Every structure is written in structure tokens, then in C-alpha cells.
2 protein chains.
Amino acid sequence: MTGTKRAREGSGRVKLEEVASAANVSTATVSRVFNEPEKVSEAIRERVKEAARALNWIPNAAGRALASSRTHIMGAIIPTLDNEIFAHQVGGMQAVFSNAGYTLFLGCSNYDPLEGLRQAEAMLARGVEAIALVGESHPAELFAALKARNIPYVVTYSYSTRSEHPCIGFDNRAAFMRMTNHLLSLGHRRFACIFQPVANNDRVAARLAGVREALAAAGLQLADEDLLIGPSTLEFGAESFSHLMTRDGKARPTAIVCGNDNIALGALMAANALGLNAPKDFSITGFDDLAISSRFTPRLTTMKVDNQAIGTLAANQLLAIVAGQQASPKSEEVVPVLQVRDSSGPRPEERG
Amino acid sequence: MTGTKRAREGSGRVKLEEVASAANVSTATVSRVFNEPEKVSEAIRERVKEAARALNWIPNAAGRALASSRTHIMGAIIPTLDNEIFAHQVGGMQAVFSNAGYTLFLGCSNYDPLEGLRQAEAMLARGVEAIALVGESHPAELFAALKARNIPYVVTYSYSTRSEHPCIGFDNRAAFMRMTNHLLSLGHRRFACIFQPVANNDRVAARLAGVREALAAAGLQLADEDLLIGPSTLEFGAESFSHLMTRDGKARPTAIVCGNDNIALGALMAANALGLNAPKDFSITGFDDLAISSRFTPRLTTMKVDNQAIGTLAANQLLAIVAGQQASPKSEEVVPVLQVRDSSGPRPEERG
DNA sequence: CTGAAAGCGCTTACAG
DNA sequence: CTGAAAGCGCTTACAG
């Protein structure tokens, strides 16, 4: 015998049980109609669907999650939405997940690893089935927590065959080696770099390493004074360019490798103000291929990355794993395309 | 008597019950320690916290949600992350929610109202406690579903005292009236507009209405042939500008009002190519104040909106409501700031 | 201040 | 193919 009736407030919403009585079947059957329809005869299936529709029943995800240990929730942690690169990636993921009946939790770390960890923990508590992380610069605890709970994950935007994580992205080091080699092949020997901060950012650190490696192979090296690091803004690009071109007693660099297009565009704006022109007086390169980069004067030499594809591939990998179609994520490379345009050319001394 | 033991797979995770036995208290007490700590004596509180820490217990959100009817999840539906305007808004919300212990579901409609509805329904099924929607152009069913379940919501980016929804944003119509009046006050009489699509976009429709209203007040009206509508790209801005300036037998407009900065910047690039200069030969305005707009040559006259603030305000409103501190959302206005720069000036004929 | 136990809304092994 | 019922992991009214 049960005891006294407790006054417990339900959600007030229509529940599966009511659909079951309306359709004159058990709750098990209603559940099957929506989760394993092939196990239910067509006649009953239709009757149940009709009842559900008539009652406007929407399943309660918490009850479902509790009973099945599946939440149909995915998570993504990115540095910031202020950068369109990550925004496009999230857009790509979101579309794929939504199509597959998954909802996406979004967290932004603002380049603070502890904040990223906090957000990941919040997602784990809410039962995300899998998670996508931008880059590898995360606290060891984060990866440990994922492994302890057996939550599949992929690292995006980075790619390296030596990584201990499944990666979907590109090799930032290789990309910047290619870019530097492009400039070396044009005869440049005096290089400078204007980069965004490398702290807590394995992708940017790899880019810089790529520049250094390509230079070293040509017997060159980047002096500390020729490496300027600061915020990824037009302003910082502009200031840095002016600084490099007006230093007392220092020869001007003929090739400037920028960490991204935004910085490079800022530098080109400063060049206009100083009356210097690329590629006549110097060459400069970016990375990202922003919409404006191919329309700016001069058209900017840069590399294009299909960020939406990175998001799409990452989402599909994670879906395949949680669906049991695949044991573990496999790395995939999305190779950036070098776009040689007007801002890079032969080094000034070699012109006719 | 209970029947035979069923083999049911749990999540395998540490659960509240284990914390309770470890700390030698009831499950009710463990729950109280984390949800209503003031009801538990300090000694027990510490003992329980210690046990939870030692066992590395993370509460199961589904169990919690089912028992309490609270999910601590918020939702946001935006058109697209490809537009930094919305990305900034989401970034602002995300930070506030995360701080308050809420996780954010993100959905993108890609300007398709039915897709927005679908995503909202997915969020409702997962029990979001409140929702932020960009704009008012959503199917009536969406608002009906929110009202039926008594889910608080705010509309962002739009703002109108006549709206039937709580709004956090600005009055797009008023903003474009101000911009148009700025150009009228400079003596312009021949206007053209280059705008992004108005379909399913109440904000853009309101902007255009604002231009028309200001012109009407000055006894002018916008001819169909002087209104160009197309994608919000640099390319469309450039093409449209060239078209307006090279039409046979038509006088050139002296003032061009663009729907946003991106279109205006494209137009200015085309102007450079045609050898036309603002504000000498024509005036042009944008909207958004992108980072590049104040650094472009000529510096673009535009309006700046604090999108992050819109996100922050929206998030705080929704939090206050679900916390019971406020009965319903109240509209708040975030007024755009007119930035008069070099791209607008007196109409050509009036120059000395 | 604390505990025993019902209940939140589903899914799923078991039995038929 | 279908149903009766246990169970998922929490919270909370009730009793003390």
C-alpha cells in the first residue's frame, strides 16, 4: 500500500502517460513508436502518433535523458565569437547537429584556459555526449575529465600527426612554412613578423615556429626586434608597420609575415599613409582570406581556410561516434589554400 | 515485496547517494548542502562537501531537472553567426549566463523562420527556462509555444514601443531617419539606397521605412529604380554603386544610404576604381561601425551599436525573471551613436 | 536541523 | 508485437 498522497508539482505539461491512455496502449509502446518505430505495428504506430499530435505532446528531455543515459546534447568550446573564424566553425557544427536532432551548448573561453575548463565542466554536468574544442591549449584536467567519463572529443583548427588528440583542422606550422617559402622564393632575405599573442594559443605558436623553420632552412633567423606581438587589431598592425619602417639605423624589412589578415590590413593602411606601396617597396602576407582581403588595394596575399568545413567535419565525426558507427574520432586535415595576390612580389632590389 | 532485480545500466558515474553514505547523512541533506546550504548545520555541511569532493561527484543534471523542473539552461536564436553583430550579442549573453551557472543553447535560423521555429522547439523539449530571439520576424506558432508553456523571452536587436514583445535593442526606423536627416541637412536631395534583403527581416524593413519617412518629411520620395536590394556583401555594394553612377540618362544620386557598413565599404571600393571620391562627388553612409570603417579611406560615416551590451542586458533580464526577481521582461533601448566621418559632406553643387 | 520516502517523466529488460 | 513495472538520479513535502 502506498502512503499518503504527496503534493508534488509536475511540470504541468502533457506527458507520455496521457498519450498512452488516449491511444489505449502502454507507455512502453508510446516510447517505442518514437524511438524504435520498427518494433511497433503500423496500425498502433499511427494511432499513437495521432494521439501525440492531438495532445501536442513534447517529450520531456530530462525524463528521457535520465532513463536512457542519452541527452542528445553536444558541446563546443571556442576562444571567442568575436573572431569570424570560430563563428563560422560553430555555424557549420550547429547546422549538422541540428539536422541530426542534437542541440548545441556553446562556451567561450576568451583565451582563458581556466574559463574553458569551467565551461567544459558545466557541459559535462549537463550530460553532453561529445565535445569539440578549439586547439590543444587546454588544462590537462580538461582532457582527463573527458577521458574519465569516456566522452568523445575532437580538437579543431589545429592538425598535427604528432598530436595525442584527434584533430580536425590544418597544420599551422606547415601553412606558415609555405607562406614563408613563397616570400623566400621571391628573393626576400630581410623578414619581420607582426603576430597576435602566442600565450595559451598553440595555433599561433605553431605559425611562428613555421616561419622560423622556413627561415632557418634558408640560413636566416628572425631577430627579436623583428618580431612584434600584440592584439589582433587593425591598429596594432598599423602601429607595428610604422614602427618597422621608421626605425633609426635599421634597414627596412622587405617581407612582412603577419599572423592574420586583420593585422596585415592594418599594416597596409599605415603603408598608404606613409606613401609606401606593396609590392614595390615591400611584400606583406596575411592569413584567413577575409572577404575584404581580395578587394583591398593592394589585394592581399593570404591563405584561405574553410572553417565551416572544419565545423562540419568535426560534427560528423562526433555524431558517428555517439551513434556507435565508429569507435573513435579520426583526424582529418583541411588544407589551407595559398592565395597569391598583389601584396607580395619580388624583393625591391631585384626589380628592373 | 519488490520483484526480481532488473539489470539496468546506470551512467556508471558517482551519484548523490554514494556521497550521502560516505558522509553518513541522508540524500536529502546532501541535496540541501548544495541547493539550500543555509538549512544545514555547518559541521554537516563541511562533511558533505568534503565527501563530494573526495568522490569527485558531479550532479547529474537530468535527475536534477526532472525532480526540480529547473534545467538551468537558456536558449538564444539568432539568424547567423556569420554576422559579427549577432556573434557579439551571443558572446555577451554567454558570459553573463555562464557566470550565473546557466548553460546556453545556441540556434541559428539562417534567416529561415521555419528553421528558427524548429530550433526553438528543440530547445523547449530540452527544457530551456527562457529564450532570446533576434528580431520579431518569427512564426506566430513560436510565440504561441512560448506563451503556452509560460517561457519568458525577449526580442533583441529590435526596439519599438509599439511592439507586443519585450524588446532589447534599438529602433531601426528611428536610427535610419536620423541618418537620412543628417544627409538632408547637408543639402542632399537626390537619394539612392543599397540594402540587404528585407524578407523575413523586420529590422531591415524598419530601416528602409525610416529612410522613406525622413525623405517624405522633406517632400522627397525614393523611386523604385533608386533602391537596390541584394546580398550583404562587398561585391553587391560595389556592383550597385557602379550601376547607380553609370546609368544612362539618369542623374547621379548625391547621397547613398546603405543598409550596413559592409555594403557601404564595397561601394567605396567601386568608387575608388571609378575615380569618384566621397564626399567631393557623393556622400555615403553605412550602419554598424565595423572596426575597419573608421580606418578606411575615406573614413565611413555610420552608426555604432553596442551589440555586446544588447546581449548582456537581454541575459540579465531573463535571469532576473527565472530567479523570480521580476515578473516579466521590460524593454530596454540601446541607442546607436551616429559617427559622422569623411564619407558624408555637403552636396556637390553647394561646394565653393 | 535532519531523514524516510514519494515522485519527477521517461526507457527498457523481462515476460508473454 | 505488446504490456506491467522497475529504475534512471535527483528534489522536496512531510514528519519529527
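In what follows, chains carry the letters A, B, and so on, assigned in the order in which the sequence lines appear, proteins first and then strands, with residues in each chain numbered from 1. Just so you know, these numbers come straight off a predicted model, no measurement behind them.
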Visitor: Identify, between B/N35 and A/N24, the residue whose nearest nucleotide on DNA chain D lies closer to the 5' end.
Guide: A/N24
Visitor: Is there a donor-acceptor contact under 3.5 Å linking the side chains of A/T103 and B/R126?
Guide: yes
Visitor: When the C1' atoms of C/dG16 and C/dT12 are compared, how many Å lie between them, rounded to an integer?
Guide: 16 Å
Visitor: Pick from B/M123, B/H72, B/R149, B/M74: which one makes a side-chain contact (heavy atoms from CB on, under 4.5 Å) with B/V128?
Guide: B/M123
Visitor: Has B/S331 got a side-chain atom pairing as donor or acceptor with B/I168's backbone, closer than 3.5 angstrom?
Guide: no
Visitor: Is A/V25 touching bases, backbone alone, or none of the nucleic acid, heavy atoms closer than 4.0 Å?
Guide: sugar-phosphate
Visitor: With under 30° as parallel and over 60° as perpendicular, where do the rings of B/F86 and B/Y157 fit, or are they tilted in between?
Guide: perpendicular
Visitor: Separation of A/R32 atom CZ from C/dT11 atom P, in whole Å?
Guide: 11 Å
Visitor: What's the closest nucleotide to the side chain of A/W57 if the choices are C/dC10, C/dA5, D/dC10?
Guide: C/dC10
Visitor: Measure CD/A/E17 against P/D/dG3 and give the value in whole Å, please.
Guide: 14 Å
Visitor: Over 60° means perpendicular and under 30° means parallel, so classify the ring planes of A/H138 and A/F143, tilted if in between.
Guide: perpendicular
Visitor: Name the residue closer to the 5' end of DNA chain C, choosing between B/G63 and B/T29 according to the nucleotide with the nearest heavy atom.
Guide: B/T29
Visitor: Show me the side-chain donor-acceptor pairs of residues 320-330 of chain B shorter than 3.5 Å, one per line, residues at least two apart or across chains.
Guide:
unit_1 : atom_1 : unit_2 : atom_2 : d
B/Q326 : NE2    : B/Q317 : OE1    : 3.0
B/Q326 : NE2    : B/S328 : O      : 3.0

Visitor: If the cut-off is 4.0 Å, is B/S26 near the phosphate of C/dG3, judged by side-chain N/O to OP1 or OP2?
Guide: yes
Visitor: Atom CG of B/L66 to atom C1' of C/dC8: distance rounded to whole Å?
Guide: 4 Å
Visitor: Below 4.0 angstrom from OP1 or OP2 of C/dT2, is there any side-chain N or O of B/S41?
Guide: yes
Visitor: Among C/dA5, C/dC10, D/dG9, which nucleotide has an atom closest to any side-chain atom of B/A28?
Guide: C/dA5
Visitor: Give the stems involving DNA chain C, where a stem is 3 or more consecutive Watson-Crick or G-U wobble pairs (i with j, i+1 with j-1, and so on) under 3.5 Å.
Guide: C:1-3 with D:14-16, C:5-12 with D:5-12, C:14-16 with D:1-3
Visitor: Check every atom of C/dT11, D/dC10, C/dT2 against the side chain of B/I44 and return the nucleotide holding the closest atom.
Guide: C/dT2
Visitor: Is the distance from OP1 or OP2 of D/dT11 to the nearest side-chain N or O of B/S68 less than 4.0 Å?
Guide: no
Visitor: Have A/S109 and A/Q119 got a donor and an acceptor in their side chains that come within less than 3.5 Å?
Guide: no
Visitor: Using whole Å, report how far CD of A/E38 lies from C1' of D/dC1.
Guide: 12 Å
Visitor: Let's see if you can work this out: which of C/dG3, C/dT11, D/dA4 has an atom nearest to the side-chain heavy atoms of A/R64?
Guide: C/dT11
